[in-house]
Amino acid sequence: MRVVITGGAGFVGSHLVERYLRDGHEVVAIDNLCTGSLRNLDDASENPRLTFVRADAAMPLPVRGQVDLVLHFSSPASLVDYTRLALETLAVNSAGTGHACDLAERHGARLLFASTSEVYGDPHVHPQPESYWGNVNPVGERACYDEAKRFGEALITTRMRKGPLDARIVRIFNTYGPRMAENDGRAVPNFFAQALAGKPLTVYGDGNQTRSFTYVDDLVEGIVRLAAHPEARGAIVNIGNPEETTIAAAAAIIAEAAGVAFHVEHRPLPPDDPARRKPDIARARALLGWEPATPLREGITRTLAWWRSARGYST
Ligand code: NAD
Ligand code: UDP
């Protein structure tokens, strides 16, 4: 199979690149490196089945030759990144998703779109099943991301109603692991960087807001299964770990794993920060036989080991 992965030099994208290479496929990774890094592809770069193309995925995708699967994963993904790159985020998830659809349709390839638990906004339904329409502020600071992903979903489902496109949508819940950018402002990398530097951990608000953190290998397994399923045209599937934790508890787990005292510096909660988030994964279980295999503490320990060896922290 020849797999095109937009956002292939990003955190999740680079793990997908490695997985498809390991499974024996050819991979074309497209990335403009706005939040990703070629360092994320260091381990894969010698593989002759990998082609890297530096390009903007909001534009028509410059891919020639056979295409069997398109994974559209290019998008800034953290509050800090998508606030800085707000218009680019809107473009890559709207026009860019259209170009990903065009490429897939032209080649009779499947498309898998990286959507997000942010489509549920600050949810009134808990845990969140795929049938929930969400509670999103369409004009707030997060809208450039949340609404762009919702538009991407609307575009894909509309194109499937009007044409032969075979697409699947994965709604990804907060995922962490090796290669998360150190400076993208998300909770897990912030807490790692702060703990390892012996600084207080910055908890926004009272820290009682919850998230459900998924280890990246578990996410990749779910994505590969959804993409490969022979009868999942049009499927929309939550992939996330139903192990819900408060942000204060996640910070404490990271401090404990790093072997440092747990000191907190409280900062204001960003606007529209969702109060609770936990996936209902009944559909992933039934359709894909998938559920996460990595408990939070274990994933944190693995990520910490990588952080120390790859990023040179001695603490
Ligand atoms: P990331 O920032 O590490 O990766 C995104 C990659 O896309 C980067 O390499 C970046 O350079 C590239 N990119 C962005 N805009 C581009 C453009 N216009 N053209 C070409 N390349 C571009 O973020 P991530 O966490 O790996 O997220 C990957 C995807 O998964 C995103 O679509 C994101 O919305 C989705 N997602 C991630 C999470 C998570 O917890 N990690 C949760 C929900 C959804
Ligand atoms: N957060 C925090 N301290 C940080 C970074 C984030 O308390 O240094 C909080 C943030 O307000 C949110 C949660 O942690 O409630 C998860 O934030 P992240 O940006 O990782 O993901 P998202 O908000 O997109 O789910």
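Atoms within each ligand, like the ligands themselves, are counted from 1 in listed order.
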Closest protein heavy atom to [atom], given as residue, atom name and distance to 0.1 Å:
atom                    : answer
atom 19 (N) of ligand 1 : A57 N, 2.8 Å
atom 2 (O) of ligand 1  : T35 OG1, 2.6 Å
atom 14 (C) of ligand 1 : C34 SG, 3.3 Å
atom 23 (O) of ligand 1 : A77 CB, 3.5 Å
atom 18 (N) of ligand 1 : D56 OD1, 2.8 Å
atom 3 (O) of ligand 1  : F11 N, 2.8 Å
atom 37 (C) of ligand 1 : I172 CG2, 4.2 Å
atom 22 (C) of ligand 1 : N32 OD1, 3.1 Å

4.0 Å heavy-atom contact, [X] with ligand 1:
X    : answer
A181 : no
Y145 : yes
R186 : yes
S115 : yes
A55  : yes
T6   : no
R179 : no

(message) Who clusters with V92? Use side-chain heavy atoms, under 4.5 angstrom, across I, L, V, M, F, W and Y, and order the result by chain and number.
(response)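 Once heavy-atom contacts under 4.5 Å are chained together, V92 still belongs with nothing else.
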(request) Please state which part of K149 comes within less than 4.0 Å of ligand 1, counting heavy atoms only: side chain, backbone, both or neither. (result)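 Just the side chain.
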[atom1]-[atom2] distance between [X] and [Y], expressed to the nearest 0.5 angstrom:
X    : Y    : atom1 : atom2 : value
L226 : R283 : CG    : CZ    : 10.5 Å
T294 : F213 : OG1   : CZ    : 15.0 Å
I172 : S117 : CD1   : OG    : 9.0 Å
N32  : R54  : CG    : CZ    : 7.5 Å
L219 : F173 : CG    : CZ    : 11.5 Å
I5   : Y20  : CD1   : OH    : 7.0 Å

(request) Look at E221 together with R19 and state whether they make a salt bridge at an N to O cut-off of under 4.0 Å. (result)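 Yes.
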(message) Could you check whether R49 pairs with D23 (Lys NZ or Arg NE/NH1/NH2 to Asp/Glu carboxylate O, under 4.0 Å)?
(response)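 Answer for the salt bridge query: no.
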Quick one: does [X] get an N or O within less than 3.5 Å of an N or O on ligand 1?
X    : value
F73  : yes
V92  : no
S74  : no
I30  : no
N174 : no
D31  : yes

(message) Please tell me whether V70 and V3 are part of a single hydrophobic cluster in this structure, the criterion being side-chain heavy atoms less than 4.5 Å apart.
(response)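 Different hydrophobic clusters.
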(request) Return each pair, listed once, that meets side-chain hydrogen bond (donor to acceptor under 3.5 Å, both in side chains) where at least one residue sits in residues 36-46; pairs must be two or more places apart or across chains. (result)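 For residues 36-46, and leaving out neighbouring residues, there are no side-chain hydrogen bond (donor to acceptor under 3.5 Å, both in side chains) pairs at all.
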(message) Would R110 and D166 count as a salt bridge (Lys or Arg N to Asp or Glu O under 4.0 Å) here? Give the steps.
(response) CA-CA 5 Å; R110 276 189 195 151; D166 177 346; 3.2 Å; yes
Using a strict cut-off of 4.0 Å, indicate which atoms of ligand 1 neighbour a heavy atom of [X].
X   : answer
A9  : 9 (O)
L33 : 11 (O)
G36 : 8 (C), 9 (O), 10 (C), 11 (O)
G10 : 3 (O), 4 (O), 6 (C), 8 (C), 9 (O)
G7  : 6 (C), 7 (O), 12 (C)

(request) From the options R150, R211, R277, K149, select the one residue that forms a salt bridge (charged side-chain N to carboxylate O under 4.0 Å, His left out) with E118. (result)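 Output: one option passes, namely R277.
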(request) Please work out whether the ring planes of Y82 and Y145 are parallel, tilted or perpendicular, with thresholds of 30° and 60°. (result)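 Plane angle under 30°, so parallel.
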Which donor-acceptor pairs under 3.5 Å do side chains of residues 6-13 form with protein atoms, sequence neighbours excluded?
{"from": "T6", "atom 1": "OG1", "to": "H72", "atom 2": "ND1", "distance (Å)": "2.9"}
{"from": "T6", "atom 1": "OG1", "to": "F73", "atom 2": "N", "distance (Å)": "2.9"}
{"from": "T6", "atom 1": "OG1", "to": "S74", "atom 2": "N", "distance (Å)": "3.1"}
{"from": "T6", "atom 1": "OG1", "to": "S74", "atom 2": "OG", "distance (Å)": "3.0"}

(request) Tell me, with the steps shown, if R84 and D184 meet salt bridge (Lys or Arg N to Asp or Glu O under 4.0 Å). (result) CA-CA 11 Å; R84 178 172 57 93; D184 75 7; over 6 Å; no
(request) Verify, without hydrogens or angle tests, whether D218 (side chain) and A293 (backbone) share a donor-acceptor contact under 3.5 angstrom. (result)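 Flag set: sc D218 to bb A293 pair under 3.5 Å.
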(request) Apply the side chain to side chain donor-acceptor pair (under 3.5 Å) test between T202 and each candidate in Q194, H266, E265, R267; give the one that qualifies. (result)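 That would be Q194.
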(request) Return yes if a side-chain donor-acceptor contact under 3.5 Å exists between Y132 and N238, otherwise no. (result)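 Short answer, no.
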Between the protein and ligand 2, which nitrogen or oxygen pairs come in under 3.5 Å, and how far apart is each?
{"from": "ligand 2", "atom 1": "3 (N)", "to": "T202", "atom 2": "O", "distance (Å)": "2.6"}
{"from": "ligand 2", "atom 1": "7 (O)", "to": "Y204", "atom 2": "N", "distance (Å)": "2.7"}
{"from": "ligand 2", "atom 1": "8 (O)", "to": "N190", "atom 2": "ND2", "distance (Å)": "2.8"}
{"from": "ligand 2", "atom 1": "8 (O)", "to": "T202", "atom 2": "O", "distance (Å)": "3.2"}
{"from": "ligand 2", "atom 1": "8 (O)", "to": "T202", "atom 2": "OG1", "distance (Å)": "2.9"}
{"from": "ligand 2", "atom 1": "8 (O)", "to": "Y204", "atom 2": "OH", "distance (Å)": "3.4"}
{"from": "ligand 2", "atom 1": "11 (O)", "to": "D273", "atom 2": "OD2", "distance (Å)": "2.7"}
{"from": "ligand 2", "atom 1": "15 (O)", "to": "Q209", "atom 2": "NE2", "distance (Å)": "3.0"}
{"from": "ligand 2", "atom 1": "15 (O)", "to": "R211", "atom 2": "NH2", "distance (Å)": "3.3"}
{"from": "ligand 2", "atom 1": "15 (O)", "to": "D273", "atom 2": "OD1", "distance (Å)": "2.6"}
{"from": "ligand 2", "atom 1": "15 (O)", "to": "D273", "atom 2": "OD2", "distance (Å)": "3.3"}
{"from": "ligand 2", "atom 1": "20 (O)", "to": "A187", "atom 2": "N", "distance (Å)": "2.8"}
{"from": "ligand 2", "atom 1": "21 (O)", "to": "N174", "atom 2": "ND2", "distance (Å)": "3.1"}
{"from": "ligand 2", "atom 1": "23 (O)", "to": "R142", "atom 2": "NH2", "distance (Å)": "3.0"}
{"from": "ligand 2", "atom 1": "23 (O)", "to": "R211", "atom 2": "NH2", "distance (Å)": "3.2"}
{"from": "ligand 2", "atom 1": "24 (O)", "to": "E118", "atom 2": "OE2", "distance (Å)": "3.4"}
{"from": "ligand 2", "atom 1": "24 (O)", "to": "R142", "atom 2": "NH2", "distance (Å)": "3.3"}
{"from": "ligand 2", "atom 1": "25 (O)", "to": "N174", "atom 2": "ND2", "distance (Å)": "2.8"}
{"from": "ligand 2", "atom 1": "25 (O)", "to": "R211", "atom 2": "NE", "distance (Å)": "2.7"}
{"from": "ligand 2", "atom 1": "25 (O)", "to": "R277", "atom 2": "NH1", "distance (Å)": "2.9"}

